Amino acid sequence: MTAPLPEAIKTALEAGQKAGLAATGGKNADYIPFLASVPSNLFGIAVVTADGRVFKTGDADYQFAIESISKVFTLALVIDQIGPNALREKVGADPTGLPFNSVMALELHGGKPLSPLVNAGAIATASLVPGKDAEACWAAILDCQSRFAGRKIALSNDVNTSEQTTNFHNRAIAWLLYSSGSCYSDPMRAVDVYTRQCSTLVSAADLATMGATLANGGVNPVTGERVIGDDKTAPILAEMTMEGLYTASGDWAFTVGLPGKSGVGGGILAVVPGELAIASFSPPLDPAGNSVRGMAAVTAVAKSLGRNLYRPRS
Ligand code: GLU
């Protein structure tokens, strides 16, 4: 397999920008008050290759709230520590078919979250981060996000305050998890750590580097640092395929064919294993919670590059 040439990536980014700008509609998330205040017209795309080349366009350096995309990297931290089998047994490895914050999904499955990429599973995953207290767990998560990104990632106090003062639904989920034996630390500590992990700031270029680290078997291709074991990336990418784009994950696999993850901050990340990652940022979301422009842009970039996991390439 030949890695795409710079000209092909530049052409793909142009196609992504055109498709993204043509995609209208959607609305910023507003259940977290901070997110409603982010300018809706921001739009950027980045591609980082598994050999460390960085390409970007538009607002690819604008820093926004990572939100749900953080779930992938806390999952990476925990899978690296306890192994995929323990993670599967304690949290699960199946799509829920229900919205990301569904309580019904928990009730239907005996209190087991099924996926580490929905809120219940992400809170359970955060409860598995080793550390003697919330601060130690938080330090490990922030360090993990930073090593994936290849730079020091920071918490936004504004985003964190906005979330910590409105996250009552997630607290209820954590108590339900605890009552069914699926929360492995104090539940309010798990929600606190989970909420902080969602409140860090990243750019599309950061996300693409984080994804390129997954594409590159766990080694950050820009810094050269091994972040997780090379046998750990496949189960993470499988989880992204099953639940990465909320209730549209099946549609995304059908139409784009790449493991992806989106967040209500407007970010989307897609990974071509062994080759590269594509990331986009644009705040307006569709009813499922995915960035309207971001989905159009990432789809167009992947198509222009001819990358789809399910299509044989010569
Ligand atoms: N912090 C958000 C929440 O827990 C993240 C949701 C998301 O991006 O899907 O509701």
Side-chain angles (χ1 to χ4, degrees), residues 26-38 63-75 91 95-106 113-127 138 141-142 145 153 155-177 183 187-202 204 207 210 239-240 242-249 252 260-270 279-292 294-295:
K27 192 170 154 296
N28 284 34
D30 57 8
Y31 76 100
I32 297 166
F34 177 90
L35 299 180
S37 71
V38 179
Q63 294 190 24
F64 57 94
I66 189 170
E67 296 299 345
S68 206
I69 305 169
S70 68
K71 292 167 180 164
V72 172
F73 303 100
T74 303
L75 169 64
V91 180
T96 66
L98 286 162
F100 69 98
N101 59 358
S102 173
V103 167
M104 200 198 300
L106 268 182
L114 298 194
S115 167
L117 300 187
V118 296
N119 285 13
I123 293 166
T125 306
S127 79
W138 167 237
I141 289 173
L142 194 56
Q145 288 190 10
I153 298 295
L155 182 80
S156 159
N157 287 326
D158 289 345
V159 178
N160 189 44
T161 303
S162 190
E163 299 216 21
Q164 299 276 9
T165 51
T166 54
N167 64 357
F168 312 115
H169 190 90
N170 286 339
R171 292 191 217 184
I173 286 175
W175 280 116
L176 283 176
L177 284 170
C183 191
M188 292 304 96
R189 165 178 142 179
V191 175
D192 171 26
V193 169
Y194 163 76
T195 305
R196 288 195 244 180
Q197 80 178 38
C198 292
S199 303
T200 61
L201 296 182
V202 291
L207 279 185
M210 295 166 97
E239 296 281 11
M240 290 167 73
M242 289 184 281
E243 192 64 73
L245 273 85
Y246 306 116
T247 47
S249 301
W252 181 258
K261 184 73 197 89
S262 66
V264 294
I268 296 195
L269 168 64
S280 173
F281 163 63
S282 163
L285 310 178
D286 70 6
N290 296 309
S291 166
V292 172
M295 282 200 298

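Everything numeric here is computed off the predicted structure, so don't read it as measured data. First listed ligand is number 1; within each ligand, the first listed atom is number 1. Atoms considered below: every heavy atom in the structure, side chains included; atoms not considered: hydrogens, waters and symmetry mates. Start at 1 with the first residue, then count along the sequence.
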Participant: Counting from 1, what ligand 1 atoms have a heavy atom of Cys198 closer than 4.0 Å?
Facilitator: 1 (N)
Participant: Below 4.0 angstrom from a heavy atom of Tyr31, which ligand 1 atoms are there? Numbered from 1 as shown, please.
Facilitator: 2 (C), 3 (C), 5 (C), 6 (C), 10 (O)
Participant: Can you label the angle between the Tyr246 ring and the Phe100 ring as parallel, tilted or perpendicular, going by 30° and 60°?
Facilitator: tilted
Participant: Looking only at side-chain N and O atoms, does Asn170 offer a donor or acceptor that is under 3.5 Å from a partner on Asn119?
Facilitator: yes
Participant: Could you tell me which atoms of ligand 1, counted from 1 in the order shown, lie closer than 4.0 angstrom to a heavy atom of Tyr246?
Facilitator: 7 (C), 8 (O), 9 (O)
Participant: Is it the side chain (CB and beyond), the backbone, both or neither of Val264 that lies under 4.0 Å from ligand 1, heavy atoms counted?
Facilitator: both
Participant: Using a 4.0 Å cut-off to any heavy atom of Gly263, which atoms of ligand 1 qualify?
Facilitator: 8 (O)
Participant: For the side chain of Asp30 and the backbone of Pro33, is there at least one donor-acceptor N/O pair under 3.5 Å apart?
Facilitator: no
Participant: Could you tell me whether Ser68 approaches ligand 1 through its side chain, its backbone, both or neither, with non-hydrogen atoms closer than 4.0 Å?
Facilitator: both
Participant: Scan side-chain atoms only and decide if Glu163 and Asn167 contain a donor-acceptor pair under the 3.5 Å cut-off.
Facilitator: no
Participant: Is Asn170 near ligand 1, meaning one of its heavy atoms is under 4.0 Å from it?
Facilitator: yes
Participant: May I ask you to list the atoms of ligand 1 that are less than 4.0 angstrom from any heavy atom of Glu163?
Facilitator: 1 (N), 2 (C)
